[in-house]
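I have placed the structure first, in the form of structure tokens, so that the comments after it can refer back to it.
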Amino acid sequence: MFMQAGFAMVESGCCRAKNVQNILLKNLTDVCVGTLGWWLCGWAFAYGGPMDDDGFKQNRFMGSEGAMGKDFLIRDDATGQLQPTTNIVNWFFQWAFCSAAATIVSGGVAERVNFPGYCIFSFMMTAFIYPVCVGWTWGYGWLADVNSVGYMDFAGSGIVHMAGGVGALTGAIWAGPRKGRWENPEEFDPHSLPLIILGTFILWFGWYGFNCGSTLGMATIERGFMAAQVAMNTTIAAATGGLTVFILRFGITKKYDIGGFCNGILAGLVSITAGCGNVECGSAFVIALLGGLFYEAGSRLMQKLKIDDPVDAFAVHGVAGAWGVLAAALFDWGKDFDHYHGWSGFSCITAEDGSCKTGLGGEGVAANLAEVVAIAAWVAVCSSLIFGPLRAVGWLRASDDVQDEGFDQAKHSPSKAYGNLPETTKVILSA
């Protein structure tokens with residue numbers, strides 16, 4: 001949950017000072033509105049049964065049970081006492097992932113989207129769009145057994161990050177660029193690099209809950225070692241992604257780009273999130289290095305296409321997220337490319353006689369490619385069905401006057417995020 005503070009700091013720091021309160025409002029709203037969406041029906045769509053004899057959903061598309069916490073507590077007929085189920089702890093853990101996916105979108109549409117229209121999208125993202133992605137994957141839907149090995153996405157490079165990144169891209173296209181973004185680009189520089197740095201470190205720290213927490217317990221020595229391996233991979237990837245982008249941009253501009261350094265760290269983290277539990281540390285280094293390069297290519301392509309993404313949400317989460325899903329299959333730590341581990345951890349997928357199955361590497365890649373295509377298409381189409389009508393009725397994009405004045409002055413009280421700070425503090429924050 002603390003990652004929400006990191007997203008808030010990064011997004012508000014990347015934007016102009018006159019819109020800081022509005023950015024923070026959207027982050028708060030993502031958590032609160034998203035909580036209600038997840039509680040009302042999101043959990044049910046993601047994890048609700050009924051299940052078949054093999055442990056998969058009978059309806060492979062989405063679930064239907066557990067809306068509003070129904071049957072999370074079961075009353076014993078004999079004693080009349082309430083008995084808890086594991087749904088309670090699972091609900092809370094998965095809620096944090098859900099709100100993160102929604103928050104990614106807020107950065108991509110920052111500084112020109114009206115608050116009421118964004119609230120509608122935030123609710124739909126957490127109540128329906130994202131939960132269906134979970135239902136296909138972590139909820140044991142059709143991608144879980146699309147072939148003999150199924151998808152492999154340990155902590156959500158595709159399920160969480162790519163879904164959020166594609167939502168951000170779709171929103172950025174429907175909302176259009178901020179007024180003057182491409183005519184006067186120098187006016188849109190980040191207003192506070194200290195906030196961006198702070199947010200990046202918070203997100204990096206939070207990623208250990210995101211990735212290591214996805215072991216879902218350490219009841220055995222093997223699961224404890226798995227959490228340790230995940231932590232090591234996560235750390236190496238963050239450092240590698242950051243240095244890759246930092247060095248690359250220095251080679252191009254001959255100047256130190258701290259903002260690029262931060263986004264490189266995040267791209268490295270996103271890249272390793274899918275494969276952190278089935279690749280070794282040398283592979284984590286390579287995955288993050290390539291993830292940093294893919295991020296940079298995605299960021300430059302967005303600018304070339306004049307798609308206005310204030311925080312590079314799509315390049316960081318969408319592009320690096322898709323790469324992370326594919327990398328989890330390509331770099332699986334099975335022997336050569338013949339054996340496949342996937343969800344089996346340190347053990348290979350075995351045949352009936354207990355020996356390692358062979359020839360599964362290609363199936364792993366195919367399953368993960370199917371995940372990338374399916375989730376990207378689902379989120380893009382569903383997001384367009386929400387953003388499009390909002391734009392048509394005038395509820396999505398703010399007027400040019402509001403953009404010129406700034407959301408804080410036009411819509412908030414007090415009218416300035418830093419209005420009551422001493423002048424020296426304001427100078428430091430805007431440095």
Would the distance check show the side chain of [X] and the main-chain N or O of [Y] forming a donor-acceptor pair, the cut-off being under 3.5 Å?
X	Y	answer
K26	V113	yes
H161	V319	no
D153	V325	no
H341	S347	yes
R112	G176	yes

Do [X] and [Y] have side-chain N/O donor and acceptor atoms under 3.5 Å apart?
X	Y	answer
S106	E11	yes
Y47	N87	no
D30	Y118	yes
W174	S383	no
D76	Q83	no
E280	S283	yes
Y340	E363	no

>> Apply ring pair (Phe, Tyr, Trp, His ring centres under 6.0 Å) to residues W343 and Y151 and explain how you reach the verdict.
In response: CA-CA 9 Å; W343 291 105; Y151 80 100; 5.7 Å; yes
If every non-hydrogen atom of [X] is compared with every non-hydrogen atom of [Y], which pair is closest and at what distance?
X	Y	value
G259	L193	N-CD2, 4.3 Å
S299	D312	OG-OD2, 2.9 Å
A366	N147	CB-ND2, 4.3 Å

Are [X] and [Y], when compared by the centres of their aromatic rings, separated by less than 6.0 Å?
X	Y	value
F45	W38	no
W138	F97	yes
W378	F128	yes
W333	F346	yes

>> Tell me which one of F246, Y295, F250 satisfies ring-ring contact (aromatic ring centres under 6.0 Å, His included) with F261.
In response: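 Single ring-ring contact (aromatic ring centres under 6.0 Å, His included) partner of F261 among F246, Y295, F250: F246.
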Distance check, rounded to the nearest 0.5 Å: [X] atom [atom1] versus [Y] atom [atom2]?
X	Y	atom1	atom2	answer
F123	I129	CZ	CD1	11.5 Å
I196	H191	CD1	NE2	8.5 Å
N27	M9	CG	CE	8.0 Å

Side-chain polar contacts of residues 215-224 - donor-acceptor pairs under 3.5 angstrom, sequence neighbours left out - could you list them?
residue: T215; atom: OG1; partner: C212; partner atom: O; Å: 2.9
residue: T220; atom: OG1; partner: R223; partner atom: N; Å: 3.2
residue: R223; atom: NH2; partner: T215; partner atom: O; Å: 3.1

> Which residues satisfy the side-chain hydrogen bond (donor to acceptor under 3.5 Å, both in side chains) test with T86, sequence neighbours excluded?
Replying inline: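 Once residues adjacent in sequence are excluded, T86 has no partner under the side-chain hydrogen bond (donor to acceptor under 3.5 Å, both in side chains) criterion.
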>> So for atom CZ, which belongs to F210, do other residues, nucleotides or ligands contribute more than 12 heavy atoms lying within a distance under 6.0 Å?
In response: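 Enclosed: over 12 neighbouring heavy atoms sit under 6.0 Å from CZ of F210.
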>> Below 30° counts as parallel, above 60° as perpendicular, anything between as tilted: where do the rings of F205 and Y208 land?
In response: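 F205 and Y208: perpendicular rings.
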